[in-house]
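For reference, the structure is listed below as C-alpha cells.
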2 protein chains.
Amino acid sequence: MAKPEQSGTVLTRDKLLEVAIDAFANAGYEGVGTRELAERAGTNLSAIRYHFGDKEGLYRAVIQHISQGVQDRMSPFIERIRSRTERPNVTREELIDSVCQLITGFASQLLASGVGDNWARLVVREQIKPTKAFDVMYSVFRLLLDGIAPIVAKIVGQPPDSEEVRICAMTLVGQALVFRTHRATALKFIGWNTLGPKQISELQTVLSKQCRAILTFRSR
Amino acid sequence: MAKPEQSGTVLTRDKLLEVAIDAFANAGYEGVGTRELAERAGTNLSAIRYHFGDKEGLYRAVIQHISQGVQDRMSPFIERIRSRTERPNVTREELIDSVCQLITGFASQLLASGVGDNWARLVVREQIKPTKAFDVMYSVFRLLLDGIAPIVAKIVGQPPDSEEVRICAMTLVGQALVFRTHRATALKFIGWNTLGPKQISELQTVLSKQCRAILTFRSR
DNA sequence: GTCTATAGTCGGATAGAC
DNA sequence: GTCTATCCGACTATAGAC
C-alpha cells in the first residue's frame with residue numbers, strides 16, 4: 001500500500017471496491033477488465049491507478065476488505081467461545097457444544113448471502129496459485145481454526161497442534177465449506193432452489209448433530 | 001460436438017487436450033490463451049478450431065475427459081459397494097463400513113496427484129457460473145452421492161431422498177473435498193509440505209473414524 | 001483528483017495455401 | 001489435417017490536459 005490511502009473523495013474508491021468485489025467474485029480475476037470495473041463504478045480507468053496502483057492492487061484491496069469484514073464479525077464471537085472453554089471447570093458437554101456453535105456460526109456467516117456472495121471462487125484461486133493476497137485469507141481461516149482446534153484437543157485429549165486434531169478441525173469446517181464451494185451441486189442434489197434462511201437453518205441442525213456425533217463418539 | 005470427432009492423426013488432438021487440462025486447471029479458463037495452448041502442444045492456433053471448434057469447445061472437452069476418467073475409475077468400486085449393501089441380510093456394521101469405504105476411496109481418487117491435479121478450480125467455476133459443462137461434472141458427483149445416500153438412509157432409517165439424508169451425504173463428501181478446494185490452507189494449518197501418500201493415508205484414517213462416528217451415533 | 005487519448009500487447013477467430 | 005498470415009477487438013498501463 002505505497003499509494004495514497006487517504007483521499008478527499010472516498011466515494012469513488014469505495015464504489016470501485018464495491019463493484020470489484022462483485023465482479024471478481026462472479027467472473028474471476030481474469031474474467032473482468034479494468035475498463036468494465038471503472039465503467040460500472042461510474043468512473044474511468046485512471047481512477048483505478050490512482051486509488052489502487054494497478055489491477056492487482058485493486059484485487060488485493062478486495063481480498064483485504066472482505067477478509068476484514070469476516071474477521072470483524074467473527075472475532076468477538078470466537079473470543080466469547082474461547083473464554084468460555086478456557087474456564088478451569090468447563091464440562092465436556094460445554095466443550096462439545098462450543099465447537100457446534102463455532103461451526104454453525106461460521107456456516108451462517110459463510111452462507112448468508114451478504115456482501116460478496118461468490119467469493120469462494122477467489123478463495124480457491126488463492127489455494128491453487130497463491131498470490132500476495134493468500135496470507136490475508138489464511139489469517140481469517142486461521143482465526144476460526146485456532147478457535148476450534150484447542151477445544152477439539154481438550155475433548156479428545158491430545159495436544160492442539162497434533163496432526164489428528166488439526167485434520168479433524170479442517171474436516172469439521174469442510175462440512176460447511178462444501179455448500180459454498182460446491183453450491184450448485186449441493187442445491188441440485190438436495191432439491192433446493194435457493195440457499196435462504198430456512199435452508200441454512202436446516203443445514204445448521206444437521207451440522208450441529210454431526211459435530212456432536214464426531215466429538216462425542218471420539219472422546220469415548 | 002458438430003465438428004469431426006474422428007481424425008487420422010489423433011496425436012495432435014490428444015496433445016492439445018493434455019496441455020489444456022493442465023493449463024485450465026492451473027490458470028483458469030480466462031487465465032490461458034489459445035496461442036499458448038497451441039504452442040505448448042507443439043502445434044498452432046488453427047488446430048484448436050479444427051479439433052474443438054473454439055476455445056469453449058476445448059474447455060468442454062477437458063471437463064468431459066476428466067469426468068469420464070473419474071467415472072471410469074469410480075464406477076466399478078461404487079457398484080461393488082452397492083451390491084454388497086443391497087443384500088437383504090446386511091448388517092448395520094457393514095453399512096457403516098461401506099460408507100467409510102466410499103468416502104476414503106473417493107478421497108484417494110480425489111487427492112492422489114494424477115492427471116489434472118488442480119481441477120478444483122474448474123469445478124468451483126462451474127458451481128458459481130454454470131456453463132454447458134456443469135451437467136457433465138454434476139453427473140460424476142451424482143454417481144458418488146447416489147452411492148452414499150441410500151446407505152445412509154438405511155442406517156438412519158429415513159427415505160433416501162429426504163433432505164436430512166442428502167445434507168448428510170453432502171457433508172460427508174465435503175470433509176474430503178475441503179482438502180482439494182482449500183488445499184493450501186489445509187497444508188499450512190496442519191504443517192504438511194505436500195499431500196503425498198503418507199498424508200492421504202493419515203487423512204483417510206481420520207475421515208473413516210469420523211464417518212463411523214456420525215453414522216453410529218446418529219443411528220441410536 | 002479526475003478526466004481523455006493513446007501506446008503497446010495480446011486475445012480469439014478466420015482465410016486460404018499446401 | 002496442418003500450417004502461415006492477418007484481422008480486429010479488448011486488454012493493461014501510461015502520459016498529460018484540466
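Labels below follow one simple rule: chain letters A, B, ... track the order of the sequence lines, proteins then strands, and each chain is numbered from 1. The structure displayed is predicted, hence computed values, not measured ones.
Rounding to whole angstrom units, CG of residue A:L16 and P of C:dT2 are separated by 10 Å. If you take CG of B:L37 and C1' of C:dG11, they are 12 Å apart, rounded to a whole angstrom. Whole-Å rounding puts the B:E39 CD to C:dG11 P distance at 10 Å.
Proximity of A:H51 to the phosphate of C:dG1: no side-chain N or O atom is located under 4.0 Å from OP1 or OP2. In this model, the phosphate group of D:dC3 is approached by a side-chain N or O of B:T43 to a distance below 4.0 Å at OP1 or OP2. Close to C:dC3, at under 4.0 Å from its OP1 or OP2, lies a side-chain N or O of A:N44.
Scanning for ring pair (Phe, Tyr, Trp, His ring centres under 6.0 Å) contacts around B:Y138 gives B:F134, with sequence neighbours left out. Applying the side chain to side chain contact (heavy atoms under 4.5 Å, CB included) test to B:V136 and every residue at least two apart in sequence or in another chain returns B:I63, B:Q64, B:S67. A:E79 pairs by the side chain to side chain contact (heavy atoms under 4.5 Å, CB included) definition with A:R82, not counting sequence neighbours. Not counting sequence neighbours, the partners of B:R40 by the side chain to side chain contact (heavy atoms under 4.5 Å, CB included) test are B:V19, B:D22, B:A23, B:E36.
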### Query
Which letters describe nucleotides 12-17 of chain C, given B = protein heavy atom under 4.0 Å from base, S = only from sugar-phosphate, - = neither?
BBBB--
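Screening residues 168-179 of chain B for salt bridge (charged side-chain N to carboxylate O under 4.0 Å, His left out) gives no qualifying pairs among residues at least two apart or on separate chains.
Side chains of A:Q204 and A:S208: a donor-acceptor N/O pair is absent below 3.5 angstrom, by distance only.
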